[in-house]
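Residue numbers count from 1 along this sequence. The analysis underlying the following values was restricted to heavy atoms, covering all of them including side chains, and did not include hydrogens, waters or symmetry mates. We count ligands from 1, going down the list as the structure has it; atoms in each ligand are counted the same way.
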Amino acid sequence: MMLQEGIDRSISNELFQESKNYFPGGVNSPVRAFKSVGGTPLFIKKGDGAYIWDEDGNKFIDFCCSWGPLILGHNDPDVFHSIVETLKNGSSFGAPTRKENELASFILERIPFIDKLRFVSSGTEAVMSAIRLARGYTGKNKIVKFDGCYHGHVDALLVNAGSGLATFGTSSSAGVPETFAQETLVLPLNDLDTLKTCFEAYSGDIACVIIEPIPANNGLLLQDNSFLNGLRALCTEFNILLIFDEVISGFRVAFGGATELYGIYPDIVTYGKIIGGGLPVGAYGAKKEIMQFVSPDGPVYQAGTLSGNPVAMAAGLEQLKKCSEQGFYIELANKTTEFIEGINSFCAENNFPLELVSIGSIFWFSFNGKKRILSSSQIDPDMTYFNKLHNYLLNQGVYLGPSGYEVGFISSKHDKKMIEFAAQKIIEGIKELF
Ligand SMILES: *Cc1c(COP(=O)(O)O)cnc(C)c1O
């Protein structure tokens, strides 16, 4: 690929040199460091609608959208107004506020399979608490996760499959004791037989199964409906709780996330990202019988100094109100389909091994020879194509999350012209690749 007349990144580069003195790798969350795609990260100065600007003044159409939360794009005027109005009364009290009731009732009215919620401050915290609740409720210790699903940096879930089919995990991060990892069984996605074998062997010890019903943190690994339905049925049969981690899919593919889209209901659900309108919020919820185990009603301890923060609640509520408007998700999905179809037909005509996979307004560049990919082991680990394309697009004013394993997002602020422009740039980039 020819070298682009690259954009000027000198201020971002200076800031990165400085930030390396302050933070490990210069960042506060690893993927931001651009290690996967090579090069150095852009420091973002501002965002508005579907655009972001870096510190050097370069403008990009943003398909990262803060990794998912910004379904209304940057600085939506109503969300902004709601944040400012709420902030005028103070930022945090450590006491109950009306805003928590408002956001909770708005959600619970629209998501029928949960009776109660608890707000926390991140997706990781929601998942960590949901696992503790499942263990406290069932009195069992082991948990099952799937290879290729991400659930935040919870100790018990930073676990890889060991060798063999239904195996006890081995920790995937230093600092997670092997004894913790051994409480986690790691199974392949989309494989009911292995799941059943595992349940038959260990059901007496398994508290819960956790899955991203739409796995979207390691490519976009759309599962067969029969697998998700089978998983639900087996959990019921073996008396094991099912947790849907909808931190990324909740309020994204439909208001009620994958559960609404597929009509499959877990026992516990976790939310994050979109629920906070761009501010730090997570939540977990379940039926009354399960939620009554959470303190102070029950024995499962869980707390948070900034939980239910009123400013974050206000941002979330305003965003979710707009998401719940008639036709909101259909329009987003249509835009996304339009975006990927042009690129996909171009790739098909030219026999290029790339296909964009999508669901709702989530899309992923799958450089896997147009095979449908259902598990992470099928992903081609060579990300050279994506990395080159990523770099090309940055120089053309299109910002994708800096890793080929990450999905992209379309917000309500991405209009037809922006999408056509981006698709055109992607096609030009692909022509240079092959
Ligand atoms: C982002 C994500 C998390 C972690 O959320 P944080 O807010 O980053 O802690 C957990 N699960 C899924 C499915 C996610 O997409």
Enquirer: Establish, from distance only, whether the side-chain atoms of Q302 and R118 form a donor-acceptor pair under 3.5 Å.
Expert: yes
Enquirer: Would a line drawn from the ring center of H414 to the ring center of F339 be shorter than 6.0 Å?
Expert: no
Enquirer: Can you list the ligand 1 atoms lying under 4.0 Å from a non-hydrogen atom of S122?
Expert: 7 (O), 9 (O)
Enquirer: Are F34 and H390 near enough that their ring centres are under 6.0 Å apart?
Expert: yes
Enquirer: Within the 4.0 Å heavy-atom shell around Y150, which atoms of ligand 1 are there?
Expert: 11 (N), 12 (C), 13 (C)
Enquirer: Looking only at heavy atoms, is any part of N217 under 4.0 Å from ligand 1, and if so is it the side chain, the backbone, or both, or is it neither?
Expert: side chain
Enquirer: Nearest to atom 3 (C) of ligand 1, what protein heavy atom do you find, and at what distance?
Expert: V247 CG1, 3.7 Å
Enquirer: Would you kindly specify which portion of K273 sits under 4.0 Å from ligand 1, judged on non-hydrogen atoms: side chain, backbone, both or neither?
Expert: side chain
Enquirer: With no hydrogens and no angle check, do the side chains of D224 and S226 hold a donor and an acceptor under 3.5 Å apart?
Expert: no
Enquirer: For Y271 together with Y284, are the ring centres under 6.0 Å from each other?
Expert: no
Enquirer: Could you list the atoms of ligand 1 found under 4.0 angstrom from a heavy atom of I248?
Expert: 15 (O)
Enquirer: Would you check whether G123 has a nitrogen or oxygen atom less than 3.5 angstrom from a nitrogen or oxygen atom of ligand 1?
Expert: yes
Enquirer: Compare T124, V407, V127 and give the one whose heavy atom is closest to atom 9 (O) of ligand 1.
Expert: T124
Enquirer: What is the closest protein heavy atom to atom 11 (N) of ligand 1, and at what distance does it sit?
Expert: D245 OD2, 2.7 Å
Enquirer: Between D54 (side chain only) and K45 (backbone N and O only), is there a donor and an acceptor less than 3.5 Å apart?
Expert: no
